[in-house]
Amino acid sequence: MIRAGIVAAAILASTPIFAQTGAPLPGGASSLRETHGDWVVNCIVPKERKLCTVSQQLAQQSRGGGAQRVLSIELTPTAKGAEGALLLPFGLLLAKGVAVQVDENKAQAAAPIRTCVPGGCVAPLTLDPALVNSMRKGKQLKLNLVASDTEKPFALNVSLKGFGDALDRASALLK
């Protein structure tokens with residue numbers, strides 16, 4: 001789980017829009033972690049710049065009794081919605097990308113899967129205001145993918161419980 005967060009944070013931190021200057025975190029803290037429903041707000045202040053994200057990880061129980069990460073989603077609020085990245089499992093038909101869908105609404109056009117790293121495959125996300133608003137009202141974010149071995153579609157489902165509150169909190173902390 002830590003590796004997934006590090007990979008996504010590295011991707012986000014390399015983009016200047018995600019690093020904000022301004023007021024420090026509450027109490028002068030150098031980092032902050034809060035849970036809002038099924039979403040987590042993480043903020044760090046490296047070198048007087050703030051980086052705040054909202055994230056969620058999905059895991060499944062492995063045969064050995066531990067949990068194995070299946071998916072990590074990390075987003076940062078922007079003036080035009082949200083941007084971030086997905087860390088997806090291996091075994092995907094990369095050329096098909098990932099299509100984002102809220103509840104039973106129409107799926108968005110598939111976003112490309114950019115690369116694969118030791119922790120999984122990375123797909124950058126740009127969510128427009130309409131999609132963010134739909135996610136605020138929705139119950140479930142469906143990530144539509146295609147398995148490489150069978151070429152059959154499948155979906156990974158992400159809970160949207162607490163998403164709006166988490167995004168609002170991250171936005172407030174970035175000011």
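Hydrogens, waters and symmetry mates are skipped; everything else that's a heavy atom, side chains included, is used. In this text the structure is predicted, and so the values were computed from the model without any measurement.
Nearest heavy-atom pair across Cys116 and Phe90 is CB-CE2, 4.2 Å. A pairwise comparison of heavy atoms in Leu88 and Ala123 identifies CD1-CB, 4.1 Å as the closest pair. In terms of heavy-atom proximity, Pro89 sits nearest to Cys121 at O-SG, 4.2 Å. Contact detail for Leu87 and Val122: the closest heavy-atom pair is CD1-CG2, 3.6 Å. For the pair Val102 and Gly138, the tightest heavy-atom approach, listed with the atom from each and the gap, is CG1-CA, 4.0 Å. Nearest approach of Pro77 to Leu167, heavy atoms of both residues: CB-CD1, 3.8 Å.
Between Met135 and Leu141 the shortest side-chain heavy-atom distance falls below 4.5 Å. With contacts defined as side-chain heavy-atom distances shorter than 4.5 Å, the pair His36/Arg169 qualifies. For the pair Cys43 and Leu173, the minimum side-chain heavy-atom distance is below 4.5 Å. The side-chain heavy atoms of Pro124 and Leu86, taken from C-beta on, include no pair separated by under 4.5 Å. When side chains are defined from C-beta on, Leu160 counts as touching Trp39, because their heavy atoms get closer than 4.5 Å. No side-chain heavy atom of Asn144 sits under 4.5 Å from any side-chain heavy atom of Val98.
Hydrophobic cluster membership differs between Val70 and Val146, with clusters built from Ile, Leu, Val, Met, Phe, Trp and Tyr side chains linked at under 4.5 angstrom. When hydrophobic clusters are built by joining Ile, Leu, Val, Met, Phe, Trp and Tyr residues whose side-chain heavy atoms come closer than 4.5 Å, directly or via intermediates, Leu32 is grouped together with Leu75. Leu93 and Leu145 sit in two unconnected hydrophobic clusters of ILVMFWY residues. Membership requires side-chain heavy atoms under 4.5 Å apart, directly or through other members. Taking hydrophobic clusters as Ile, Leu, Val, Met, Phe, Trp and Tyr residues chained together by side-chain heavy-atom distances below 4.5 Å, Leu131 shares a cluster with Leu156. Linking Ile, Leu, Val, Met, Phe, Trp and Tyr residues whenever their side-chain heavy atoms come within less than 4.5 Å places Ile113 and Leu58 in a single cluster.
Counting only residues at least two apart or in different chains, side-chain hydrogen bond (donor to acceptor under 3.5 Å, both in side chains) contacts with residues 108-136 comprise Asn105-Ser134, Arg136-Asp168. For residues 149-162, the side-chain hydrogen bond (donor to acceptor under 3.5 Å, both in side chains) pairs, not counting sequence neighbours, are Asp38-Ser159.
Distance check: Leu174 CG to Cys52 SG gives 4.0 Å after rounding to the nearest 0.5 Å. Put simply, CD1 on Ile73 and CZ on Phe163 are 7.5 Å apart, with the number rounded to the nearest 0.5 Å.
Residues meeting the side-chain hydrogen bond (donor to acceptor under 3.5 Å, both in side chains) test with Gln56, sequence neighbours left out: none. For Gln140, the side-chain hydrogen bond (donor to acceptor under 3.5 Å, both in side chains) test picks out no residue, with sequence neighbours left out. Remark: Glu104 engages Lys142 in a side-chain hydrogen bond (donor to acceptor under 3.5 Å, both in side chains) (not counting sequence neighbours). The side chain to side chain contact (heavy atoms under 4.5 Å, CB included) check on Ser55 picks up Val40, Asn42, Glu74, with sequence neighbours excluded.
The main-chain N or O of Lys139 is found under 3.5 Å from a side-chain atom of Asp103 such that the two form a donor-acceptor pair.
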Next on the checklist: Working note: Thr76 + Glu83, criterion side-chain contact (heavy atoms from CB on, under 4.5 Å); need CA distance, chi angles, decisive distance, verdict.
Outcome noted: CA-CA 5 Å; Thr76 295; Glu83 293 187 10; 5.8 Å; no
